[in-house]
Each structure stands twice: as C-alpha cells, then as structure tokens.
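I have placed the structure first, in the form of structure tokens, so that the comments after it can refer back to it.
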Amino acid sequence: MADFRESDAQKGLREKIREFARDKILPGAAQRDENPSIPVELIREMGRKGFLGLIVPGELGGAGLGCQEFAILVEETARSCAGTAVVVIPHYLVEYAVLTFGSRQQQLTYLPGLASGEKLAAFAVTESTGGSDVKAFRTKAVRVGEGFRLQGAKAFINNASVADVFVAVGKIDEQMTAFLFPGDVSGIRAGQQRDMIGLRAGAVHDVVFDNCPLKESHILGEVGHGLSVVLNCMNFGRIGSASIAIGIAESALEDALNWARTREAYGKTLSELPTIRFELAGMRTELDAARLLRDRAAWLNDQDSHHALETAEAKLKACRVATDIALKAMQIAGAYGCLKGSSFERHLRDAKAYEIAGGTNEAMKITIARHLF
Ligand SMILES: Cc1cc2nc3c(=O)[nH]c(=O)nc-3n(C[C@H](O)[C@H](O)[C@H](O)COP(=O)(O)OP(=O)(O)OC[C@H]3O[C@@H](n4cnc5c(N)ncnc54)[C@H](O)[C@@H]3O)c2cc1C
C-alpha cells in the first residue's frame with residue numbers, strides 16, 4: 001500500500017510555509033477580503049523565499065520538488081488567506097505547462113523568472129460563453145505573415161491585471177492551440193474586475209486580446225494540442241484547488257474549536273455539549289477523508305501516473321467538505337458567525353467559490369462517471 005505520510009523534508013517545508021503565512025499572510029487577510037486587490041509584493045516575497053518554484057528543476061532556479069510539496073504550499077497559504085493562495089494556482093499552472101509542454105528555449109526563457117517570483121503568471125481559458133465546456137471558446141489566432149494575431153476575450157482570469165506571462169488558448173482555424181507569451185505584448189488589456197463573493201484577494205479580471213502579435217515561437221506544445229495542454233494542467237491545478245479547500249476547512253474547524261472551548265451555554269462551554277462535540281468530530285473525520293484523497297492524487301501525480309479520476313475525486317470531496325465545514329462552523333458560532341467581516345463568514349464565501357473555480361463539482365462528477373462506465 002502506498003505511504004502518503006509526509007517525509008521529514010516535507011514536514012520542514014510545511015513548518016516554514018506555516019510560519020511565513022502566520023507572520024506575513026494572515027495579518028492582512030481580512031483587509032484583502034474587504035478591498036480586493038492582488039497582493040503582488042507579498043507574492044513576490046513568497047518567490048524570494050523559494051515558495052513559487054517548488055516544482056521547477058534546480059538548474060532553472062527552482063527546488064526540483066513535486067506536486068506533494070505544491071499541495072503543502074497552497075494548503076498552508078490558504079489556512080491564512082484562501083484568496084492569496086488562489087493567486088499562486090495559475091502561477092504554478094503556467095510553470096507546469098512550460099515544464100510539461102514547453103521547448104527547452106521556452107523553459108530557459110520563462111521558468112527562472114517564474115520560480116523566483118520576479119514574474120507572475122496567468123492561465124486564461126474561460127470565456128464569457130462558458131468555462132465547463134473548455135472547447136466552446138471563441139478566441140482566435142489568425143495567421144498573418146509568419147505569425148498570428150490573437151483576437152478574443154477571456155473572463156474570470158486570476159492575475160490577469162498583473163501578469164508578466166500568459167498561457168492562453170486560441171483557435172488556429174478550428175484547431176485549439178495553447179500560446180505562451182509575455183504580458184507586455186501589445187494589445188493585451190485587463191478588463192473589468194469581477195466583484196466575487198469569495199477568494200477576493202485573488203482578484204479576477206476579464207482580459208482582452210486585441211490583435212496581439214504572436215510568433216510561431218509562442219505556441220506551447222503543438223498546433224491543435226491545446227485541449228491536451230489545458231486538461232493536463234487543470235489536472236495538476238485541481239490538486240492545488242483541493243488543497244486550498246482543505247486549508248479553508250482546517251481554518252474553519254480551528255475557529256469552531258476555539259469558539260466551542262470558550263463560549264458558554266447552560267453553565268458549560270459548548271465543547272462540553274455532546275451534540276457540539278459530535279458535530280466537531282464529524283467535521284474532523286470528513287476533513288481527514290478529504291486530505292487522504294488529496295494526498296493520493298498528489299502522490300499519483302508525482303509517480304507520473306494517470307490520475308484524472310483520483311484528482312476529480314479529491315477536488316470534489318475537498319470542496320464539498322470545505323463548504324460543509326464552513327457552514328457548520330458558522331452554526332457553532334451562532335450570531336457571531338453571521339457577523340459580516342468575521343472569519344466564519346469569510347471561510348464560507350471562500351469555500352463556496354471553490355466549488356466553481358478550477359472546475360465545478362459537476363465537472364468533477366462528469367470525469368468520475370466517465371471512469372465508472
Ligand atoms: C474565483 C474564480 C477564479 C477563476 N479563475 C480562472 C482563471 O484563472 N482562468 C480561467 O480560465 N478560468 C477561471 N475561472 C473560471 C472557472 O474555471 C469557471 O467558472 C468554471 O470552469 C465554470 O465555468 P462557468 O462559470 O462558465 O459555468 P458553466 O460552464 O456555464 O456552468 C454553469 C453550471 O452548469 C453546470 N454544468 C455545465 N456543464 C454541465 C454538464 N455537462 N453536466 C452537468 N452540469 C453542467 C456547471 O457545473 C455549473 O453548475 C475562475 C472562476 C472563479 C469562480
């Protein structure tokens with residue numbers, strides 16, 4: 001049987017990130033939720049600490065680690081601020097895309113700057129016409145001379161307003177193709193910021209590609225292989241999504257436990273009431289189940305094993321559990337849980353948004369059902 005227990009090195013990494021998150025990320029979490037804007041300087045500091053290049057090989061400026069360490073990073077970041085953790089996901093998706101599909105030249109050009117956090121990345125697939133059906137987008141790459149003109153608009157894109165590097169999909173004729181290009185290519189315009197209910201520090205914008213001049217060398221992988229790029233990267237990213245949901249759930253459970261330890265009713269603390277204790281016991285059990293599914297998916301990713309089914313299960317379970325635990329934590333906090341600005345209500349909003357972001361619960365079930373039949 002596979003052993004998913006963390007190695008000493010992984011425990012050390014978790015401790016280091018937890019400490020950084022407690023000291024640097026947690027203090028501004030409520031403020032970033034109130035006034036959403038991407039905490040660029042904080043993210044760059046994470047880069048300087050080595051947290052943004054965990055999966056990048058050592059010779060390209062990274063730590064040469066894997067998906068399990070990526071999961072630890074986003075889980076620990078999300079325990080302090082889920083919105084900040086969301087900024088990290090597309091950054092890693094782009095690194096993963098370049099590592100998996102990029103030419104040696106593309107890897108040398110982009111990975112050192114991404115690993116150090118000097119450059120931030122966005123991964124742009126969704127359009128206003130729909131996100132679940134990834135093939136139903138309209139952005140086109142029209143051949144002009146030796147290169148292309150990228151025309152279209154993407155919606156709900158993390159990091160779009162600050163990205164130095166983009167991966168975006170467009171159609172060359174009818175062939176879905178991924179492109180990798182710098183954020184200063186002419187014609188890129190961050191559009192409207194969407195006022196989301198949750199994950200607000202990871203502000204999402206629409207982005208317009210207005211005849212952006214791209215070259216053949218900006219193609220990532222091969223012409224017509226865009227779907228494979230997207231699905232592979234999403235599979236990796238969903239382990240991050242599950243980890244963010246787990247981080248939210250851990251934080252909500254911790255808040256509920258702290259509340260139950262001190263709040264009194266009928267002359268006892270809530271933690272002494274059997275029904276509250278049972279509720280908390282159930283929350284903890286569900287959280288552990290979600291964590292095990294996530295650990296299995298991350299481990300499979302690191303074995304280079306096919307893992308779409310296990311990843312979908314991990315994302316579905318973690319996101320459902322996070323919303324459920326956040327709701328129950330709010331219930332345990334009574335009226336205080338319903339206070340605007342309390343961490344209880346923030347956890348609920350963050351958790352709900354992750355039942356959509358990174359692929360909806362239904363999209364996960366479609367993948368799981370496909371494996372059943
Ligand atoms: C906080 C946040 C951050 C995001 N960041 C990014 C980003 O950085 N880059 C990016 O490209 N996108 C991003 N997205 C977009 C996200 O990927 C999409 O919202 C998601 O894929 C769902 O697409 P949609 O919103 O268009 O819903 P739709 O696809 O329109 O779906 C609407 C509803 O119908 C259900 N549904 C759809 N198809 C089926 C089906 N076949 N069977 C059953 N039910 C179905 C869905 O599950 C959903 O409940 C982000 C979204 C959020 C909320």
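Both ligands and their constituent atoms are indexed starting at 1 by order of listing.
Within the 4.0 Å heavy-atom criterion, the part of Thr360 lying near ligand 1 is the side chain and not the backbone. Within the 4.0 Å heavy-atom criterion, neither part of Tyr354 lies near ligand 1. In Ile356, the parts holding a heavy atom less than 4.0 Å from any atom of ligand 1 are both the side chain and the backbone. Using a 4.0 Å cut-off between heavy atoms, Met196 contacts ligand 1 through its side chain alone, with no backbone atom that close. Residue contacts with ligand 1, taken as heavy atom pairs separated by less than 4.0 Å, involve Ile366 solely via side-chain atoms from C-beta onward.
From the protein, the heavy atom lying nearest to atom 2 (C) of ligand 1 is Ala357 CB, 3.5 Å. Shortest contact from atom 21 (O) of ligand 1 to any protein heavy atom: Gly131 C, 3.6 Å. The protein atom (non-hydrogen) at minimum distance from atom 5 (N) of ligand 1 is Asn158 OD1, 2.8 Å. Here the heavy atom of the protein found nearest to atom 27 (O) of ligand 1 is Ser132 OG, 4.1 Å.
For atom 44 (N) of ligand 1, the nearest non-hydrogen atom from the set Glu362, Lys352, Lys365, Glu355 comes from Glu362.
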Kindly determine whether Arg143 and Glu216 satisfy side-chain contact (heavy atoms from CB on, under 4.5 Å), including the steps that lead there. CA-CA 10 Å; Arg143 281 192 191 275; Glu216 198 79 37; 4.0 Å; yes
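Annotation for Ala297 and Glu310: closest pair CB-O, 3.9 Å, computed over non-hydrogen atoms.
Not a single heavy atom of Pro90 sits under 4.0 Å from any atom of ligand 1.
The shortest N/O to N/O separation between Asp133 and ligand 1 does not fall below 3.5 Å.
Within a 4.0 Å radius of atom 52 (C) of ligand 1, the protein contributes one or more non-hydrogen atoms.
In this structure, Arg277 places its CZ atom where only 12 or fewer heavy-atom neighbours from other residues, nucleotides or ligands lie under 6.0 Å away.
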